[in-house]
Number of protein chains: 2
Amino acid sequence: MATTDQRVRSSELASQLRFAVMRLSRRLRQHAPEDITPSQLSALSVIVREERLTLSQLAVAERVQPPTITRVIDSLEQKGLATRVPSDQDRRVAFVEPTPAGRTLVDTIRRRRDAYLARRLRTFSAEERALLERAARLLERLIEDPES
Amino acid sequence: MATTDQRVRSSELASQLRFAVMRLSRRLRQHAPEDITPSQLSALSVIVREERLTLSQLAVAERVQPPTITRVIDSLEQKGLATRVPSDQDRRVAFVEPTPAGRTLVDTIRRRRDAYLARRLRTFSAEERALLERAARLLERLIEDPES
DNA sequence: TTAGCTAGTTAGCTATGCTAACTGTATGGC
DNA sequence: GCCATACAGTTAGCATAGCTAACTAGCTAA
């Protein structure tokens, strides 16, 4: 019955967590400037983090088909946020790299979202923040799941 | 300096939380069936929760312009998940209501996402789950923010 | 009764996702 | 060395979702 109790509590907790996490992420998404779309930002963030990767690798990372990446990179290039760099090892391959403007933009948006969250968090007590800090580490462990 | 320390910790915590929450919500979004799109599901969830609301109210709730709602409801109607109900008070107004199939679908997807999360959560200790439970309540308080 | 507001729709644009089909490049078997 | 095959990326064409502008129909108040 320890098992039963565990399962019940896991599924109630799952429901609460799902609700809170989905809502909060929605709220955070609203704190992006208007001149970049969500999918462009998502791709650009990966490019900035990885510093240099091929279009195929990016497509896999974004869980998207190659034609979709082609067009997202087209718009990022037009906006001066990333550049294609042809490989000299294999002339079929193109790398993508962030431009300084691209790096700056990702950083700006992160700061803005962090600022929103931090502002809200300042209304919490030190104990509550400490609890959330431990929870954040647990959530990261929860995400580490390899697929499924 | 208590204030300074507080701010530093808030902004570090904000960063950790932002990362974990954005990633987890992405993971959860993947646990929807293929025959409904994210924006359709989002609208349908509101309709099921509210049970009956006007198109305008739904547009406000989804933070979207009226023409967008018109088309989302068109597709939900085509799929038999919701129905327009004209108001007899004011013949300009149309309500939306969920069909039984719509209610069932929302429930199924919730269960699926909860099941994924619950499965992951079962690998955590009872203490860790207790901590996450308290964190979930804190996150809900964090969301309660009226705008901004 | 008419002027103006309001609810929702239609039209037409951009962006993002897809599959199918194409181009150009690399590679392995013979 | 040559050719079949595989692979990286692009192009073309479709559906959905967001937007603004413009329209229709119905309500309301002077």
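Chain identifiers are assigned alphabetically (A, B, ...) following the order of the sequence lines, protein sequences preceding nucleic acid strands; residue numbering begins at 1 within each chain. Just the heavy atoms: all of them, side chains too, but no hydrogens, waters or symmetry mates, feed the values below.
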Sidechain-backbone polar pair: A/Gln40 side chain, A/Val72 backbone, donor-acceptor under 3.5 Å
no
Once you round to the nearest 0.5 Å, how far does CD of A/Glu128 lie from CG of B/Leu142?
10.5 Å
Whole angstroms only, please: what is the CD-P distance between B/Gln57 and C/dT6?
16 Å
Contact residues, residues 43-52 of chain B to DNA chain C [heavy atom, < 4.0 Å]
none
Among residues at least two apart in sequence or on other chains, which ones pass side chain to side chain contact (heavy atoms under 4.5 Å, CB included) with A/Val46?
A/Arg49, A/Glu50, A/Leu53, A/Leu58, A/Ala61, A/Glu62
Considering only nitrogen or oxygen atoms on both sides, find all protein atoms under 3.5 Å from nucleotides 16-19 of chain D and state each distance.
| unit_1 | atom_1 | unit_2 | atom_2 | d |
| --- | --- | --- | --- | --- |
| D/dA17 | OP1 | B/Thr37 | OG1 | 2.2 |
| D/dA17 | OP1 | B/Ser39 | OG | 2.8 |
| D/dA17 | OP1 | B/Gln40 | NE2 | 3.3 |
| D/dA17 | OP2 | B/Gln40 | NE2 | 3.4 |
| D/dA17 | O5' | B/Ser39 | OG | 3.4 |
| D/dG18 | N7 | B/Arg71 | NH2 | 2.5 |
| D/dG18 | O6 | B/Arg71 | NH1 | 3.3 |
| D/dG18 | O6 | B/Arg71 | NH2 | 2.9 |
| D/dC19 | OP2 | B/Gln65 | N | 2.8 |
| D/dC19 | OP2 | B/Thr68 | OG1 | 2.9 |
| D/dC19 | N4 | B/Arg71 | NH2 | 3.3 |

Counting N and O atoms only, with roles assigned by atom type, does the side chain of A/Ser87 sit under 3.5 Å from a partner on the main chain of A/Val93, one being a donor and the other an acceptor?
no
Tell me whether the count of non-hydrogen atoms from other residues, nucleotides or ligands lying under 6.0 Å of CZ in A/Arg112 goes above 12.
yes
Check whether A/Glu77 reaches the backbone of A/Arg84 with its side chain - one donor and one acceptor, N or O, closer than 3.5 Å.
yes
Without swapping roles, check the side chain of A/Thr123 against the backbone of A/Arg119 for a donor-acceptor pair under 3.5 Å.
no
Tell me the interatomic distance from B/Arg84, atom CZ, to C/dA7, atom C1', rounded to whole angstroms.
12 Å
Interatomic distance, CD@B/Gln89 vs CZ@B/Phe95, rounded to 0.5 Å, equals 7.5 Å
Under the rule for side chain to side chain contact (heavy atoms under 4.5 Å, CB included), what residues qualify as partners of B/Arg111, not counting sequence neighbours?
B/Asp107
For atom CD of A/Glu62 and atom C1' of C/dT16, their distance in whole Å
12 Å
If you round to the nearest 0.5 Å, how far is CZ of A/Arg129 from CG of A/Leu121?
7.5 Å
Length of the CD1-C1' vector between A/Ile69 and C/dA15, whole Å
14 Å
What is the distance from CG of A/Asp88 to P of C/dT25, rounded to the nearest Å?
14 Å
Return the nucleotide paired to D/dT24: Watson-Crick means purine N1 to pyrimidine N3 with N6-O4 or O6-N4, wobble means G-U with N1-O2 and O6-N3, both under 3.5 Å.
C/dA7
So, B/Lys79 side chain and B/Asp74 main chain: donor-acceptor pair closer than 3.5 Å or not?
no
Distances under 3.5 Å between nitrogen or oxygen atoms of protein and nucleotides 1-3 of chain D:
none

Ordered by number, residues from residues 91-98 of chain B within less than 4.0 Å of DNA chain C (heavy atoms) are B/Arg92, B/Val93, B/Ala94
State whether the side chain of A/Thr108 and the backbone N or O of A/Thr104 hold a donor-acceptor pair below 3.5 Å, judged by distance alone.
yes
What distance separates A/Thr99 OG1 from A/Leu81 CG, expressed to the nearest 0.5 Å?
5.5 Å
